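Contents: one structure, followed by commentary.
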Amino acid sequence: MDLEVKGVAASPRGQAERSSRGKKLSQGWKPNIQATHGLRPAEVPCLDLGKLGSSDEEDGDSYIPYSKRFPCIGPPDSSSTVSWGTPLQTPYAQHHQTQQLARKHCWKKMELSLEQKTIPENLPSPTDKYKLKYQQYEAEMKEGYKQYSQRTAEKKKNNAQSQESSRKTAHKKEDVAAERRKQTVVEQVMVDQLSRAVISDPEQSTNISTYQRDWTFPDLGTAPLRFRKRTLHETKIRTRSALTENVLSNKLRFDGRILSRNGRDACRELIGFFFMYDRSLTVYEYRQFGKNRTNALPFIQKGVYSHQHGQRKGQQYDLSDFYVGANLTFLSCNLSLPESIKQNPILTLRVTNIDEAAMDILKTTSVGIKQDITQQEIDESRVFKVVQGILKDKLSKRGVRVVTGLGKYFRELDRKRDGAFSKAVFKQALTVFHLEVPEKDFESLWLILDDNCNDKVDYGEFTRAIIGEMNEYRKAFVRKAYMKLDFNKTGSVPMVDIRKCYCAKKHSRVLSGDATEEEIKSSFLETLEDACSNSGEVSYYEFEDYYEGLSIGIMNDEDFVNILKNAWGI
């Protein structure tokens with residue numbers, strides 16, 4: 001059949017018949033489908049697609065079956081001669097086009113309405129009635145804004161007051177907890193001394209009966225303990241040396257710390273007692289085991305001690321030796337101390353606080369107390385002030401860099417790890433850091449420090465002599481800040497923890513706008529890293545050296561303490 005159709009279309013007669021049938025079809029002629037089965041190939045109608053597509057009288061709905069059977073996915077090929085008009089579009093496309101036309105019509109309406117609402121130039125001025133309403137509205141708005149500003153300021157003030165009150169409450173809790181710890185140590189000391197007094201009193205053995213003497217054998221004083229006769233003394237017997245609570249209550253309580261470069265030892269919480277009845281002293285340490293267990297243990301056993309260093313070397317301790325900032329020296333080999341402390345032959349305790357009420361009572365009741373300062377001590381103090389006055393101007397501007405740099409310089413030279421150096425090393429260090437001192441003053445200073453005449457002086461003593469040191473009130477907050485960072489009491493803090501905990505939001509330069517918070521933090525970390533021997537961690541003495549140098553340029557104690565509080569949240 002295909003061949004016959006091609007043949008008809010190719011002949012002139014076939015072309016004529018094809019054109020005539022196309023005219024009939026365009027005029028509305030519809031062939032009989034049943035009859036077409038019997039038609040010859042020459043009678044098959046031919047559709048004129050061009051005329052079909054350009055017809056404007058036909059309804060678009062009649063072409064839905066064609067669109068469903070042959071969906072149009074994309075635009076037709078440009079090379080095609082078929083004319084794609086709107087009647088061949090799908091219902092979705094027709095709906096989309098209708099929406100677009102509706103949107104355009106809506107926009108035109110809005111433009112017309114805006115043009116109509118434009119305020120003309122010749123609009124008359126408002127009446128007095130509307131002016132009064134506007135003034136009232138303006139006054140109400142200003143009053144509302146004023147009230148809003150006042151409420152905001154009150155909220156900020158209340159928040160600041162609540163924060164301050166919570167901070168004060170926290171400080172009060174800390175003070176109460178510290179006082180409870182001290183009271184616990186006092187009770188433990190009284191219990192220890194009273195329970196051992198009867199057994200240790202040698203006069204209790206004078207009332208032994210004859211029957212008991214028969215059991216004793218000669219030369220058993222040096223025998224092992226299991227061969228000796230041991231008896232519990234009668235507590236009703238009173239002797240001259242028997243201790244009572246009243247006798248032990250006549251004492252002075254003081255707080256102390258160890259002068260050490262080891263952070264774990266420097267942060268030990270020590271509480272000492274000086275007893276007036278025999279001028280003996282003892283030192284206890286308040287320790288915490290885990291979260292709930294605490295105990296007060298003797299750090300230095302009760303006994304009579306004397307100075308081991310300085311101009312009063314060999315003299316027994318007296319009441320005048322106890323004041324804030326005083327140094328108490330002991331021979332570490334004669335005491336049961338940790339190995340880290342025994343590395344130094346002399347243990348030095350610094351008195352950080354004393355019980356002023358007990359001191360006043362003891363001064364009035366005691367007789368023969370020498371409280372006068374010797375002429376030699378006055379001369380030593382004058383030499384220290386002269387040297388520190390010479391270096392004061394040089395240290396006021398670069399105190400942090402000098403103090404931290406000196407510490408790092410001496411740590412690198414200290415190969416023996418004993419902290420002692422010769423006169424030549426100290427002279428060279430002063431020259432390197434441009435801290436020259438007149439030769440006469442330096443020699444006077446060296447004679448005071450080198451009391452043993454062995455040409456060796458501790459680095460800490462030397463720096464405290466030429467630079468000075470911050471008072472114990474400031475150092476207490478420095479230790480508190482470091483103990484907050486070193487909560488495990490390892491003696492060193494990772495630099496990562498320093499970065500996390502340091503806060504510069506309330507720094508004076510940040511509040512004034514002279515520097516950003518990030519700039520202050522970067523400057524602090526850079527200076528601290530330069531002072532550290534190990535850039536990954538910060539030891540206690542490196543942390544203390546930084547604030548020792550910072551303290552030189554700050555005269556007011558409260559300003560210095562606020563810097564620590566704002567930076568570390570203590």
Side-chain angles (χ1 to χ4, degrees), residues 59-61 75 85-87 89-175 477 484 499-525 554-570:
D59 190 7
D61 296 338
T86 54
Q89 293 178 352
T90 61
Y92 175 77
Q94 293 176 2
H95 179 69
H96 182 65
Q97 188 176 6
T98 306
Q99 282 185 343
Q100 287 182 348
L101 293 173
R103 288 196 192 97
K104 289 181 181 180
H105 185 66
C106 182
W107 278 109
K108 286 181 181 180
K109 283 186 176 181
M110 290 177 65
E111 289 176 359
L112 291 173
S113 63
L114 289 174
E115 289 178 359
Q116 293 176 359
K117 291 181 180 180
T118 304
I119 300 174
E121 295 181 357
N122 56 354
L123 183 69
S125 59
T127 61
D128 296 337
K129 178 181 178 181
Y130 286 102
K131 284 183 180 180
L132 181 62
K133 286 185 177 180
Y134 179 76
Q135 290 176 359
Q136 292 176 355
Y137 172 75
E138 187 179 9
E140 289 176 358
M141 291 295 294
K142 288 182 178 179
E143 185 66 24
Y145 181 74
K146 184 178 179 180
Q147 293 178 0
Y148 172 77
S149 302
Q150 291 177 355
R151 288 195 301 269
T152 305
E154 288 178 359
K155 286 181 180 179
K156 291 182 178 179
K157 185 177 179 180
N158 293 333
N159 291 335
Q161 290 178 354
S162 62
Q163 291 178 359
E164 186 66 23
S165 61
S166 62
R167 190 178 301 172
K168 289 182 179 179
T169 304
H171 291 327
K172 288 182 180 179
K173 289 182 179 179
E174 290 180 0
D175 295 340
F477 284 92
K484 182 179 180 180
R499 292 178 182 272
K500 291 180 180 179
C501 297
Y502 183 78
C503 178
K505 289 183 179 179
K506 296 184 179 180
H507 195 275
S508 58
R509 294 186 61 192
V510 175
L511 295 177
S512 62
D514 297 335
T516 62
E517 181 181 352
E518 189 62 30
E519 290 175 353
I520 297 297
K521 188 173 183 179
S522 300
S523 177
F524 167 75
L525 295 173
I554 302 175
M555 302 303 297
N556 191 0
D557 290 344
E558 294 302 326
D559 293 341
F560 180 82
V561 170
N562 287 331
I563 291 174
L564 285 165
K565 288 181 178 180
N566 296 332
W568 304 109
I570 56 175

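Just so you know, residue 1 is the first one in the sequence shown, and it goes up from there. Because the structure is a prediction, the values reported are computed rather than measured.
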Can you sort out the partners of E558 under side-chain hydrogen bond (donor to acceptor under 3.5 Å, both in side chains), two or more places apart, ordered by chain and number?
-> Y473
Does NZ or CZ of K133 fall inside the cone over Y130's six-membered ring, less than 6.0 Å from its centre and within 45° of the axis?
-> yes
Identify all side-chain donor-acceptor contacts of residues 514-525 below 3.5 Å with residues at least two apart in sequence or on another chain.
from, atom 1, to, atom 2, distance (Å)
D514, OD2, S512, OG, 3.1
T516, OG1, E519, N, 3.3
E519, OE1, T516, N, 3.3
K521, NZ, R499, O, 2.8
S522, OG, E518, O, 2.8

Closest non-hydrogen atom pair between V510 and K505, with its separation | CG1-O, 3.7 Å
Sorted by chain and residue number, the side chain to side chain contact (heavy atoms under 4.5 Å, CB included) partners of K484 (sequence neighbours excluded) come out as I570
Across all chains, not counting sequence neighbours, the side chain to side chain contact (heavy atoms under 4.5 Å, CB included) partners of Y148 are R151, T152
With sequence neighbours excluded, what pairs up with E138 under the salt bridge (charged side-chain N to carboxylate O under 4.0 Å, His left out) test?
-> K142
For K157, the side chain to side chain contact (heavy atoms under 4.5 Å, CB included) test, sequence neighbours excluded, returns Q161
Side chain to side chain contact (heavy atoms under 4.5 Å, CB included) with C501: which residues, sequence neighbours excluded?
-> L485, W568
CG (D559) and CG (L564) are apart, to the nearest 0.5 Å, by 11.5 Å
